[in-house]
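Source: prediction; values computed, not measured. As the structure lists them, so they are numbered: ligands from 1, and atoms in each ligand from 1.
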Amino acid sequence: MNRVRCLVLNAALGPLDYRVPEGMAVEAGSVVACPLGPRTVIGIVWEAERLPGTDVPAEKLRPLREILPVPPLPAPLRRLIEWTADYYVAPLAAVTRMALSSGGALKGPATMVEYRLTGGMPERMTPQRQTAMEALENEQATIRELAGIAGVSEGVLRGLVNQGVLEPVEVDCDRPYHQARPDFARVDLNPEQAEAAEVFAAAVRRREFAPFLLDGVTGSGKTETYFEPVAEAIRAGRQVLVLLPEIALTEAFLGRFEARFGAKPVLWHSSLKSTERRRAWRSIAAGEAQVVVGARSALFLPFPGLGLIVIDEAHEVSFKQDDGVRYNARDVAVMRARFEGVPVILASATPALESLAMAENGTYAKIDLPSRYGAAELPAIRTIDLTEEKPGRGAWLAGPLVTALEDRLDRGEQSLLFLNRRGYAPLTLCRNCGFRFQCPNCSAWLVEHRFSRRLACHHCGHETAPPETCPECGEPDCLVACGPGVERIADEVAERLPDARTFVATSDTLNSPGRAAEFVALVEGGAVDIIIGTQLVTKGFHFPELTLVGVVDADLGLEGGDLRAAERTYQQIAQVAGRAGRGDKPGEVLLQTRHPEAPVIAALAQGDRDGFYEAETEARRFAGAPPFGRWAAIIVSSEEESEAREAANRIGRARPAQDELAIYGPAPAPLSLLRNRYRYRLLINARRSAQLQDTIREWLGALDHPAGVRVAVDIDPYSFV
Ligand code: ADP
Ligand code: ZN
């Protein structure tokens, strides 16, 4: 058969058929260059029977141009791409693009020249030449690197090249990674950990799909435990993917991994340089990269020999992508494991309700680690009722919290204050006329960042310098900050505890792996007394000297229209509380709240996780919310307000009438203007039995809109703004 069907990387086009020219051997998955009009697009040869056909007669087909120099995309990955596109109502081309995520790799190997000794002798020996030749025995590298190794100038080595003593060798720019060694530094697991590890390792050996929920309290050693099946996969020559929710966490993970396995894993995230991306992608596609640690986009990498997937902090909402293909990496990871026929471990101290439900109905095997490793105990949690313990004017920390901070300072222990608000103040206004600083591109207030002297929009990145006078009434020096952000808390700490050394830890200050590593080193080295941080510090970090966690505003997450607000608040506070008392000194957690009686806060204070989950589960059942029913959102946007509104109304009028669906809206989105686009939303609540995706496809597929209108579908949404 010399006719093939290709999925081309253009979301506006369906699959296209091509002729395979004489002498070209393609198979399903081959990455090829396809002619399209006068241009060339990248395509993937696909099983023809799995894609809708075209009826172009054979003699009209255009020939493929060439096969790109990369291995064919493996069949399980092709199945994953199909599933993701189908489930999330996304174009196949857009999902496939996530798999071909290194443009450089598609161009094939890049080469460079290295040098090595030939065994020949120079015509004239000098002491420097002598030194170089002795030092470079068995070495091969660039001239510059060799000069470094030998401690001579590059000129000396060039001379040796001219003499034929060193010869050039063309090598691949992408060097192989160091090999991880499964038995490099094994740890002694305690009996609970060992039992869990053996269950996982056995699943790796069986090479079957097996989903696990590793439900272990903070500090129980979930990482040490899942390192064992990772070792088992390496021993079997299989590849491993570990997904982490945040790049800021990878640095600490890399260190731990290297200590255990003697080499760093392969990193994958969106801010890799293009050369690093090429090296990683090619090594993964070749089956050489053993363990890949990455953000959610690593899920679509072309592993040919996966043996295990781990999703650490699996409850984290950052696994949900909120633009482009709106997928949830946690759920897609389980599907990948299924198509690959391998185990997948979801690790968390505060699993998502959906994951617990899967464990309860027997789909996932639940493995528990109910106590902290070693002598460490879970911290005691107490509430501070802000209606009784009022902080003074312009202050945010109540008396008992300040006392507790002083106490730690005296004992030389560390504290963490948690407030999930970057910047100095969430709102700035004019004292004279009440003018509020708003983003010109979004319906959002500008957040004052005092350290960097700017007003910034956290949605679109718009920034301006704080003006000297009010832009509305012209009054000078009239700006007042309303409400606290972490920077303002840092100011308050500086005033009330002047001796404390503080560190404000947010995505503004820990914005690269290097800065995250510096932060970890400072805290571990005892150079910080009080960390003041956003959600970024709630997870993963292990600081043994940290004994106090203060939650500045435990009620914050309960405000607003988030349908998962209670669960999220519970998870966030339980996670940040989990940073306290991880060493041999006991930890304490103080929650500042105006609603100590609210069920979430009460459950946290009583350490009643089961009670909270049960109550929340009942509420979800009553509301038909996940896992009992499903949600989907349709987001309509345009730069023209009227165009967005009309398109949303058109969609609203065409709504399908089905008993299994309740459709709300259209209504202006809470963020009704975002990056200069006006937004409307519809929310769908579906029974589990509904054919949700098919219905949405049919409904939206029958409507046409002006070119400026975008209609996005969000299945299982996490964001409701
Ligand atoms: P979790 O991910 O469950 O919060 P970690 O894996 O970070 O827990 O473990 C908490 C701390 O206890 C870490 O410093 C870890 O190295 C240590 N630890 C856990 N299990 C062991 C073990 N079996 N041997 C030595 N140290 C351990
Ligand atoms: Zn904005």
Considering distance alone, does some N or O of Gly219 sit under 3.5 Å from an N or O of ligand 1?
yes
Face-on cation placement of Arg330 at Phe319 ring, 6.0 Å and 45° thresholds
no
Can you tell me if Trp445 and Thr428 form a side-chain donor-acceptor pair at under 3.5 Å?
no
Report the nearest protein non-hydrogen atom to atom 8 (O) of ligand 1: residue, atom name, distance rounded to 0.1 Å.
Gly221 N, 3.0 Å
Over 12 foreign heavy atoms within 6.0 Å of CZ, Arg235
yes
Other residues, nucleotides, ligands: >12 heavy atoms within 6.0 Å of Arg382 CZ
no
I want to confirm something. Looking only at heavy atoms, which of Asp188, Leu214, Asn190 is nearest to atom 23 (N) of ligand 1?
Asp188
CD (Glu377) with more than 12 external heavy atoms under 6.0 Å:
no
Considering heavy atoms of the protein only, find what lies nearest to atom 16 (O) of ligand 1 and give residue, atom and distance to 0.1 Å.
Glu224 OE2, 2.7 Å
for atom 20 (N) of ligand 1, nearest protein heavy atom and its distance come out as Gln193 NE2, 2.9 Å
closest protein heavy atom to atom 14 (O) of ligand 1 is His542 NE2, 2.9 Å
Given SG of Cys457 on one side and SG of Cys439 on the other, what angle do they make at the Zn ion (ligand 2), to 10°?
110°
Please determine which of Thr506, Thr534, Asp508 meets the side-chain hydrogen bond (donor to acceptor under 3.5 Å, both in side chains) test together with Arg422.
Asp508
Does Phe435 have its ring centroid less than 6.0 Å away from the ring centroid of Phe437?
yes
Looking only at protein heavy atoms, which one is nearest to atom 25 (C) of ligand 1, and how far off is it?
Tyr373 OH, 3.3 Å
Any heavy atom of Arg372 under 4.0 Å from ligand 1? The part involved is neither
Just jot down the ligand 1 atoms closer than 4.0 angstrom to any heavy atom of Leu189, in number order.
23 (N)
Taking 2.8 Å as the cut-off, does an N/O/S atom of Cys460 lie below it from the Zn ion (ligand 2)?
yes
What do we get for Leu369 next to ligand 1 when only non-hydrogen atoms under 4.0 Å count, side chain, backbone, both or neither?
neither
Hey, would you say the Phe503 and Phe519 ring centroids sit under 6.0 Å apart?
yes
Proximal atoms of ligand 1 relative to Thr223 (non-hydrogen, under 4.0 Å)
2 (O), 6 (O)
Contact atoms of ligand 1, heavy-atom distance to Val217 under 4.0 Å:
3 (O)
For Thr218, the atoms of ligand 1 under 4.0 Å from one of its heavy atoms are 4 (O)
Close aromatic pair by centroid cut-off 6.0 Å: Phe227 and Phe261:
yes
Any donor-acceptor pair under 3.5 Å linking the side-chain atoms of Gln321 with those of Tyr718?
no
How close does the nearest protein non-hydrogen atom get to atom 7 (O) of ligand 1, and which residue and atom is it?
Arg256 NH1, 2.9 Å
